[in-house]
Amino acid sequence: MSAGSAWFALLVAGLCEIGWAVGLKYTEGFSRLGPSLATVAAMIVSVVLLGWSLKVLPLGTAYAVWTGIGAVGTAILGMILFGESREVARVLCIVLIVAGIVGLKLLTPENGH
């Protein structure tokens, strides 16, 4: 796997993490079959893609980026879908997470080690 493929797998894994985190809200405690199955599928895909990316990328970087994508995306969707707080300090914290993700990507050597 190339570094580019590893980063792409990590991006998709992060997007799947957003999917399962938001999906948890719709499962109603895993009492709804459709949302529960979709949420579990997103969990599996997310972890498998994270694992594939770790063939090339450093563990600490990949894990931080994966959780960062999930945290940022979930926070933004929480604001959009569930009316969660959009106060300036909260948005600024989200921007700082994005800056950390970008920084880790830029500081990771092409060979991942």
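- Note: Leu107 CG to Thr61 OG1 = 8.5 Å, rounded to the nearest 0.5 Å.
- Within the model, atoms OG1 of Thr74 and CG of Leu77 stand 7.0 Å from one another, a figure rounded to the nearest 0.5 Å.
- Taking hydrophobic clusters as Ile, Leu, Val, Met, Phe, Trp and Tyr residues chained together by side-chain heavy-atom distances below 4.5 Å, Val12 shares a cluster with Ile44.
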(request) Quick one: do Ile94 and Met79 satisfy side chain to side chain contact (heavy atoms under 4.5 Å, CB included)? Show the steps, please. (result) CA-CA 12 Å; Ile94 292 169; Met79 290 180 224; 3.1 Å; yes
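- The two residues Leu49 and Ala13 come nearest to each other via the heavy atoms CB-CB, 3.6 Å.
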(request) Go through Met43 and Leu24 one step at a time and tell me if the side chain to side chain contact (heavy atoms under 4.5 Å, CB included) criterion holds. (result) CA-CA 10 Å; Met43 288 175 175; Leu24 283 172; 4.0 Å; yes
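- Looking only at distances, a side-chain donor or acceptor of Ser53 sits under 3.5 Å from a matching main-chain atom of Leu50.
- Closest approach of Gly19 and Ala42 over heavy atoms only: C-CB, 4.4 Å.
- Contacts classified as side-chain hydrogen bond (donor to acceptor under 3.5 Å, both in side chains) and involving residues 38-48 (residues at least two apart or in different chains) are given here: Ser46-Trp66.
- Linking ILVMFWY side-chain heavy atoms closer than 4.5 Å, directly or via other members, places Tyr63 and Leu96 in two distinct hydrophobic clusters.
- Remark: Arg90 engages Glu84 in a salt bridge (charged side-chain N to carboxylate O under 4.0 Å, His left out) (not counting sequence neighbours).
- Closest approach of Ile101 to Gly68, counting heavy atoms only: CD1-C, 3.3 Å.
- Gly73 and Ile18 make their closest contact through CA-CD1, 3.5 Å (heavy atoms, listed as atom of the first residue, atom of the second, distance).
- Minimum heavy-atom separation, Ala62 to Leu57: CB-CB, 4.2 Å.
- Atom CE of Met1 is separated from atom CH2 of Trp7 by 13.0 Å, given to the nearest 0.5 angstrom.
- When hydrophobic clusters are built by joining Ile, Leu, Val, Met, Phe, Trp and Tyr residues whose side-chain heavy atoms come closer than 4.5 Å, directly or via intermediates, Val91 is grouped together with Val98.
- Taken from CG in Leu10 to OG in Ser5, the straight-line distance is 12.5 Å, to the nearest 0.5 Å.
- Going from atom CG of Leu92 over to atom CD of Glu87 covers 11.0 Å, rounded to the nearest 0.5 Å.
- Cluster annotation: Ile80 is connected to Ile69 through the hydrophobic network of ILVMFWY side chains, with a link wherever side-chain heavy atoms come within less than 4.5 Å.
- Taken from CZ in Phe30 to CG in Leu37, the straight-line distance is 10.0 Å, to the nearest 0.5 Å.
- Remark: Tyr26 pairs with Val22, Arg32, Pro35, Leu81, Phe82 by the side chain to side chain contact (heavy atoms under 4.5 Å, CB included) rule, at least two apart or across chains.
- Looking at heavy atoms from C-beta onward, Val56 lies out of side-chain contact with Ser2 at the 4.5 angstrom threshold.
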